[in-house]
Amino acid sequence: MRKILLIDDEEKLRKLMARIIELEKIEVSQAENATAGLKLLEKQYFDVIICDVKLPDANGVDLIPQIKRIQPLAEIILLTAYGNIPDGVQAIKNGAFDYITKGDDNNRIIPLIYRALEKAELFKRVNQLEQKIEQKYSFDNIIGRSTPILSAIEMGRKVAQTGATVLLTGETGTGKEVFAQSIHYGSQRKNKPFVAINCSAFSKELLESELFGHKAGAFTGALKDKKGLFEEAHQGTIFLDEIGEMPVDLQAKILRVLETKEFIKIGETKSQKVDVRIIAATNRVLEDEIETEHFRRDLFYRLSVFQIHLPPLRERISDIKLFVSEFVNLFATKSNKRINIISQDYLKLLEQSSWKGNIRELRNVIERSVILTDDDTLNIETLPLEIRYPGTNSPEFITTLALSDIERLHIKKILDYTKGNKAEAARILKIGIATLYRKIEEYKL
């Protein structure tokens, strides 16, 4: 039930207002002064506080910061017998929802309360969402109990509380972006933006525009001003994935941001200040890239203030069961299946695989298994041939079905899994949507 606290030393007015509000099916508590009101705020949550400006032991305008410290999500409406503009302005600056005059604004009070309740509810939902996101990306949710990953997590927790630049190293698919998010949400910047970009996904010109933005007319096609990701990430964190792929001349501009906290938009002449933490990641050995002059030595030293290596999956075999359990639950829920049994042979083959694609590859294999199984058991028949028969790609391991039959059955299973969503099916099959439509027509699915 929605709750309101009334703080007013005029007892008759306070009780009358409480009765009017209670007719709206809203629970009302009362306090005759600031001291009693603050005590109630310490004990229970209120959506809205309606407070008189002139209290025997405090000024309502000055009381706002104290109320906000105790209940930051609550909205505050101030009442005054003699309204004046300076008090009203200061009340809003201090964080009040509104400032109204007793008697003159009687018709406004109920609609005003409803608007304040709506805003309080919105803030509550946003706060709950932020807490869920923070919990989702917590270090506690990183899967793994093996020594190498626990060591990386311990270092991540320590550096998260600092403002240090971090360089994450490790093979493709080891979870570097998840780790970067954990560092961000474990830091003082957790309520500010986390922005990620894969440096290998853009040409030099496009990457520079994405990172720093551009002015309208800076180049052909620049029809309007564009904010860059550094500007978007102000006071937060920017994650530069695959930074080893970044062109050398663009590396110099990243170095400038690290050294001066400034950048220049494309087409602009004046620099712009930015407060942003940089977390970079690479699957390359940057020391080797420095020797071949593909990476700047000075940038490497600035990025690797704190370096964390994420181990490949083959070095944390004991964690595979944990990943399997997590991914099976995820994909079984998605496909409305119940997986009760994972065969020991199935797990043994997973633990013996080399996992060149690491966690990402394992995730894809589990998704495939869940799609292919027709009962509540994951067994070796649902694994790809290269895992079932490591070291060989020989066609003798294909079943007696014709290749077209195998393809038809596989596409049908994927379409069943996606409930007919062809775009999602094409993503899982790693084929173009046009190709999928052609196959559907060809096999009359």
Would you confirm whether Thr292, through its side chain, and Glu289, through its main-chain N or O, come within 3.5 Å as a donor-acceptor pair? yes
Between Thr174 and Ile359, the two heavy atoms sitting closest are O-CD1, 3.6 Å
Does a donor on one side chain sit under 3.5 Å from an acceptor on the other, for Thr377 and Tyr346? no
Has the side chain of Ser335 got a donor or acceptor atom that lies under 3.5 Å from a matching backbone atom of Phe331? yes
Salt bridge between Arg284 and Glu245, side-chain N to carboxylate O under 4.0 Å? yes
If I compare all heavy atoms of Leu63 with all of Cys51, which pair ends up nearest, and what's the gap? CD2-SG, 4.0 Å
Ile100 vs Ile109 side-chain heavy atoms within contact, under 4.5 Å: yes
For Lys334, does the NZ atom have more than 12 heavy-atom neighbours from other residues, nucleotides or ligands under 6.0 Å away? yes
Any donor-acceptor N/O pair, Thr333 side chain to Asn329 backbone, under 3.5 Å: yes
Around atom NZ of Lys430, are there more than 12 heavy atoms of other residues, nucleotides or ligands at under 6.0 Å? no
Contact between Leu310 and Thr169 at the side-chain level, heavy atoms closer than 4.5 Å - yes or no? no
I'd like to know if the side chain of Lys337 and the backbone of Ile371 have a donor-acceptor N/O pair within less than 3.5 Å. yes
Is it true that Glu442 and Arg408 have a side-chain N and a carboxylate O under 4.0 angstrom from each other? no
Sub-3.5 Å donor-acceptor pair from the side chain of Arg277 to the main-chain atoms of Thr237, do we have one? no
Partners meeting side-chain hydrogen bond (donor to acceptor under 3.5 Å, both in side chains) with Arg314 (sequence neighbours left out): Glu171
Can Glu367 and Lys413 be counted as an ion pair, charged N to O under 4.0 angstrom? no
Hey, is CD on Glu326 packed in by over 12 heavy atoms from elsewhere, all under 6.0 Å? no
Which heavy atom in Lys176 sits nearest to a heavy atom in Ala281, and how many Å separate them? CD-CB, 3.8 Å
Could you check whether Ser146 and Asp319, counting side-chain N and O atoms only, form a donor-acceptor pair closer than 3.5 Å? yes
Checking side-chain polar atoms at under 3.5 Å, does Asp345 have a donor or acceptor matched by the opposite partner on Ser343? no
Atom of Ser187, atom of Ala160 and distance for their closest heavy-atom approach: CB-O, 3.0 Å
May I ask you to decide if the ring planes of Tyr185 and Phe194 are parallel, tilted or perpendicular, using 30° and 60° as cut-offs? tilted
Answer yes or no: is there a side-chain heavy-atom contact under 4.5 Å between Val248 and Arg296? yes
State whether the number of non-hydrogen atoms from other residues, nucleotides or ligands found under 6.0 Å of Gln188 atom CD is greater than 12. no
If you count heavy atoms of other groups shown closer than 6.0 angstrom to NZ of Lys419, is the number above 12? yes
Contact check, side chains of Gln90 and Lys93, non-hydrogen atoms, under 4.5 Å: yes
Sub-3.5 Å donor-acceptor pair from the side chain of Arg338 to the main-chain atoms of Ala332, do we have one? no
Residues passing the salt bridge (charged side-chain N to carboxylate O under 4.0 Å, His left out) test with Arg256, sequence neighbours excluded, are Glu262
Report yes if the distance between the aromatic ring centroids of Phe212 and Phe230 is under 6.0 Å, otherwise no. yes
Name the residue from Thr435, Thr418, Ile411 that meets the side chain to side chain contact (heavy atoms under 4.5 Å, CB included) definition with Leu429. Ile411
Output yes when Asp98 and Lys119 qualify as a salt bridge under the 4.0 Å nitrogen-oxygen rule, no when they do not. no
Indicate yes or no: at least one non-hydrogen side-chain atom of Ile387 is less than 4.5 angstrom from one of Trp355. yes
Student check: side-chain heavy atoms of Leu383 and Leu350 closer than 4.5 Å: yes
Non-hydrogen atoms of Thr165 and Val305 that approach each other most closely: O-CB, 3.7 Å
side-chain contact (heavy atoms from CB on, under 4.5 Å) between Ile50 and Leu5: does it pass, once the steps are laid out? CA-CA 6 Å; Ile50 301 174; Leu5 173 61; over 6 Å; no
Return yes if some donor-acceptor pair links the side-chain N/O of Asp47 with the main-chain N/O of Lys3 below 3.5 Å, else return no. yes
Aromatic contact, Phe219 with His214 (centres under 6.0 Å): yes
Does this structure show an ion pair linking Lys348 with Glu351, if we count only N-O contacts that are shorter than 4.0 Å? no
Check the surroundings of atom CD in Gln44: do more than 12 heavy atoms from other residues, nucleotides or ligands lie under 6.0 Å from it? yes
Do other residues, nucleotides or ligands put more than 12 heavy atoms under 6.0 Å from Tyr45 OH? yes
Between the side chain of His184 and the main-chain N/O of Lys192, is any donor-acceptor distance below 3.5 Å? yes
Once salt bridge (charged side-chain N to carboxylate O under 4.0 Å, His left out) is applied, what residue pairs with a partner in residues 195-216 remain, sequence neighbours excluded? Lys204-Glu208, Lys204-Asp249, Glu208-Lys253, Glu210-Lys226, Lys215-Asp225, Lys215-Glu268
Check: Leu436 main-chain N/O paired with Lys422 side-chain donor or acceptor under 3.5 Å: no
Measure the shortest side-chain to side-chain distance between Arg297 and Glu291 over non-hydrogen atoms and say whether it is less than 4.5 angstrom. yes
Go through the side-chain N and O atoms of Tyr417 and Glu424 and say whether any donor and acceptor fall under 3.5 Å apart. no
Answer yes or no: is there a donor N or O on one side and an acceptor on the other, between the side chain of Glu407 and the main chain of Lys439, under 3.5 Å? no
Heavy atoms, side chains only, cut-off 4.5 Å: are Gln307 and Val159 in contact? no
Ion pair check, Lys412 and Asp416, cut-off under 4.0 Å: yes
